[in-house]
Chemist: 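Can you read through this structure? Questions will come right after.
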Amino acid sequence: MEPVIIVLIILVVLVFIALIKTIQVIPQASAAIVERFGRYTRTLNAGLNIVVPFIDTIRNRIDLREQVVPFPPQPVITQDNLVVNIDTVIYYQVTDARAATYEVASYIQAIEQLTVTTLRNIIGGMDLERTLTSREEINAALRGVLDEATGKWGIRVNRVELKAIEPPTSIQDSMEKQMRADRDKRAAILTAEGTRQAAILTAEGEKQSQILRAEGEAKAAALRAEGEAQAVRTVFEAIHAGDPDQKLLSYQYLQMLPKIAEGDANKLWIVPSEIGDALKGLSGAMGNLGGLGGGSSAATERREKPSID
């Protein structure tokens, strides 16, 4: 009985192994290459798949998702004989699992070497300045070459990015000095432009201020002249309305004489000829007043003094 049990156990184990070999579960976005006696048979897609155990074997499992592969810096010589180190990043996706398995031994290594050689060809036709400022152009040219070459490998290159472009240290120092000089130049130009604009605005402000001040002074002078004219007209009309005689005018002339002589700067002043006539009239008026006063006193004395006779 024991040999029979051992045989049964062996059969159960073989059946279990056969079931495991027969049923193959492929994850989503993956594929598996099946070979029968060393020859390609079919490609297993995602899901539950049945294969012939001990006859069909899984050669390779391939991830069909988009992959990102960074490549180490590569020294590249530009057209002006300068060595720059360029880091690249490749975004690719396997579209044909069979071709990626049988058309190339290692498609990652093949893509890397193809990227290096293509990059050297592209950068070799550019100078350093163009290399630093033409990343989009380099990316597009590199992607076109890679996509065409990797198509037969079942690979589609979606994007190619230049992660870094590092020129030599001496060139970096020169570029930094040039950039610093350009910044200083732009700063000096902006400062000069600001000073010029400020001077223009200041001059415009002073001009407007002088214009407004002159207009104000002109208006003030016009108003003063208008006031003085109005005062003269009022005085003239009042004088003519009052009909003054020569005596009153003479008295007014005498009252104005102290005002004419006021001030320390008045060393010499001119007496109008009308003042002489005014003084004559005033003296005459005063004489008449004196004569009237003397006659009255004599008459009083004569009235009070008794007659001798």
Chemist: Closest approach of Y107 and A100, non-hydrogen atoms and distance?
Modeler: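 Minimum heavy-atom contact is CD2-O, 3.8 Å.
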Chemist: If you compare all heavy atoms of D127 against all heavy atoms of T131, which two are closest, and at what distance to 0.1 Å?
Modeler: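 Smallest heavy-atom distance, with atoms named: O-OG1, 2.7 Å.
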Chemist: If you look at every heavy atom in V76 and L119, which pair is closest and at what distance?
Modeler: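 Residues V76 and L119, closest heavy atoms: CG1-O, 4.1 Å.
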Chemist: What's the separation between atom OG1 in T118 and atom CD in Q113, rounded to the nearest 0.5 Å?
Modeler: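 So the OG1 of T118 and the CD of Q113 are separated by 10.5 Å.
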Chemist: If Ile, Leu, Val, Met, Phe, Trp and Tyr residues are connected whenever their side-chain heavy atoms lie under 4.5 Å apart, and connections chain through other members, are I6 and L14 in the same group?
Modeler: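 Result: yes, single cluster for both.
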Chemist: Tell me if a side-chain donor or acceptor on D87 pairs with a main-chain N or O of N85 at a distance below 3.5 Å.
Modeler: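 Side chain of D87 to backbone of N85: no pair is present.
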Chemist: So, the side chain of R98 versus the backbone of I33: is there a donor-acceptor pair under 3.5 Å, distance only?
Modeler: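 Here the side-chain-to-backbone pair does not exist.
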Chemist: If hydrophobic clusters are built from ILVMFWY residues whose side chains come within less than 4.5 Å, do I138 and L132 share one?
Modeler: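 Yes; tracing contacts between hydrophobic side chains, which count when under 4.5 Å, links both residues.
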Chemist: Return yes when atom CD1 of I108 has more than 12 non-hydrogen atoms of other residues, nucleotides or ligands closer than 6.0 Å, and no otherwise.
Modeler: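 Atom CD1 in I108 is crowded, with more than 12 foreign heavy atoms closer than 6.0 Å.
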Chemist: Calculate, to the nearest 0.5 Å, the distance between atoms OG1 and CD belonging to T195 and Q197 respectively.
Modeler: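 With rounding to 0.5 Å, OG1 (T195) is 10.5 Å from CD (Q197).
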Chemist: State, yes or no, whether a side-chain contact exists between V89 and V69 at a heavy-atom distance under 4.5 Å.
Modeler: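 No; the side chains remain at least 4.5 Å from each other.
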Chemist: OG of S30 to CG of L64: how many Å apart, nearest 0.5 Å?
Modeler: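 Output value for this atom pair is 6.0 Å.
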Chemist: Minimum heavy-atom separation for K163 and P70, please, with both atom names.
Modeler: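 What the structure gives for the nearest pair is NZ-CB, 4.3 Å.
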Chemist: Between Q67 (side chain only) and R65 (backbone N and O only), is there a donor and an acceptor less than 3.5 Å apart?
Modeler: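 Looks like yes, one N/O pair under 3.5 Å.
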Chemist: Grouping I, L, V, M, F, W and Y whenever their side-chain heavy atoms are under 4.5 Å apart, do I122 and V116 come out in a common cluster?
Modeler: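 Different clusters: I122 never reaches V116 through Ile, Leu, Val, Met, Phe, Trp or Tyr contacts under 4.5 Å.
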Chemist: Given the rule in the side chain to side chain contact (heavy atoms under 4.5 Å, CB included) test, do T115 and Q74 qualify, once you have shown the distances and angles that lead to the verdict?
Modeler: CA-CA 10 Å; T115 300; Q74 300 294 329; over 6 Å; no
Chemist: Within the side chain of T117, is there an N or O that forms a donor-acceptor pair under 3.5 Å with the backbone of L114?
Modeler: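 The answer is yes, because a donor-acceptor pair under 3.5 Å joins these two groups.
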Chemist: Verify side chain to side chain contact (heavy atoms under 4.5 Å, CB included) between V68 and I90, making sure each step is shown before the conclusion.
Modeler: CA-CA 6 Å; V68 181; I90 304 297; over 6 Å; no
Chemist: Tell me whether T150 contacts the main-chain N or O of L146 through its side chain, where contact means a donor paired with an acceptor under 3.5 Å.
Modeler: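 It does hold such a pair.
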Chemist: Using every non-hydrogen atom in the two residues, find where A46 and P27 come nearest and quote the distance to one decimal.
Modeler: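 Heavy-atom minimum between the residues: CB-O, 3.3 Å.
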Chemist: Once you round to the nearest 0.5 Å, how far does OG1 of T133 lie from CG of L128?
Modeler: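 Rounded to the nearest 0.5 Å, the OG1-CG separation comes out at 9.0 Å.
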Chemist: Is any NZ, NE, NH1 or NH2 atom of the basic residue among R196 and E193 found under 4.0 Å from an Asp or Glu carboxylate oxygen of the other?
Modeler: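 Yes, charged N to carboxylate O under 4.0 Å.
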Chemist: Please enumerate all residues that pass ring-ring contact (aromatic ring centres under 6.0 Å, His included) together with Y91, with sequence neighbours excluded.
Modeler: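 Partners of Y91 by the ring-ring contact (aromatic ring centres under 6.0 Å, His included) criterion come out as none, since no residue qualifies.
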Chemist: Can you tell me which residue pairs pass the salt bridge (charged side-chain N to carboxylate O under 4.0 Å, His left out) test with a partner in residues 149-162, sequence neighbours excluded?
Modeler: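 As it turns out, the salt bridge (charged side-chain N to carboxylate O under 4.0 Å, His left out) pairs with a partner in residues 149-162, which skip direct neighbours, are R159-E161.
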Chemist: Mind checking the NZ-CG spacing from K219 to L212? Nearest 0.5 Å is all I need.
Modeler: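 Going from the NZ atom of K219 to the CG atom of L212 covers 9.0 Å.
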Chemist: In this structure, are over 12 heavy atoms from other groups packed under 6.0 Å from E129 atom CD?
Modeler: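 Atom CD in E129 is not crowded, with 12 or fewer foreign heavy atoms closer than 6.0 Å.
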Chemist: Would V51 and L44 satisfy side chain to side chain contact (heavy atoms under 4.5 Å, CB included), going step by step from the backbone distance to the final call?
Modeler: CA-CA 9 Å; V51 296; L44 301 182; 4.1 Å; yes
Chemist: Return yes if some donor-acceptor pair links the side-chain N/O of T88 with the main-chain N/O of F71 below 3.5 Å, else return no.
Modeler: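 A pair under 3.5 Å: no.
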Chemist: For F54, enumerate each residue passing the ring-ring contact (aromatic ring centres under 6.0 Å, His included) test, keeping only those at least two apart in sequence or located in another chain.
Modeler: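 ring-ring contact (aromatic ring centres under 6.0 Å, His included) list for F54, sorted by chain: empty.
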Chemist: Shared ILVMFWY cluster between I123 and V145, side chains joined below 4.5 angstrom?
Modeler: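 Each belongs to a different hydrophobic cluster.
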Chemist: Find the distance between CD1 (I189) and CZ (R186) and round it off to the nearest 0.5 Å.
Modeler: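 The CZ atom of R186 is 9.0 Å from CD1 of I189, to the nearest 0.5 Å.
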Chemist: Check whether D56 reaches the backbone of V52 with its side chain - one donor and one acceptor, N or O, closer than 3.5 Å.
Modeler: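 Checking the backbone N and O of V52 against the side chain of D56, a donor-acceptor pair under 3.5 Å is found.
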Chemist: Would you check if N139 and L162 make a side-chain contact, meaning some heavy-atom pair closer than 4.5 Å?
Modeler: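 Sidechains of L162 and N139: in contact.
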Chemist: Could you tell me whether a side-chain N or O of T95 sits under 3.5 Å from a main-chain N or O of G154, the two making a donor and an acceptor?
Modeler: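 Confirmed, T95 side chain pairs with G154 backbone.
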Chemist: Is there a side-chain contact between K207 and Q210 in this structure, where contact means two heavy atoms from C-beta onward sitting under 4.5 Å apart?
Modeler: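 No, their side chains stay 4.5 Å or more apart.
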Chemist: Minimum heavy-atom separation for I111 and Y92, please, with both atom names.
Modeler: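 Taking every non-hydrogen atom into account, CD1-CG, 4.4 Å.
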Chemist: Transitively linked via ILVMFWY side-chain contacts under 4.5 Å: M126 with L142?
Modeler: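 Same hydrophobic cluster.
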Chemist: State, yes or no, whether a side-chain contact exists between R135 and I165 at a heavy-atom distance under 4.5 Å.
Modeler: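 Yes, side chains in contact.
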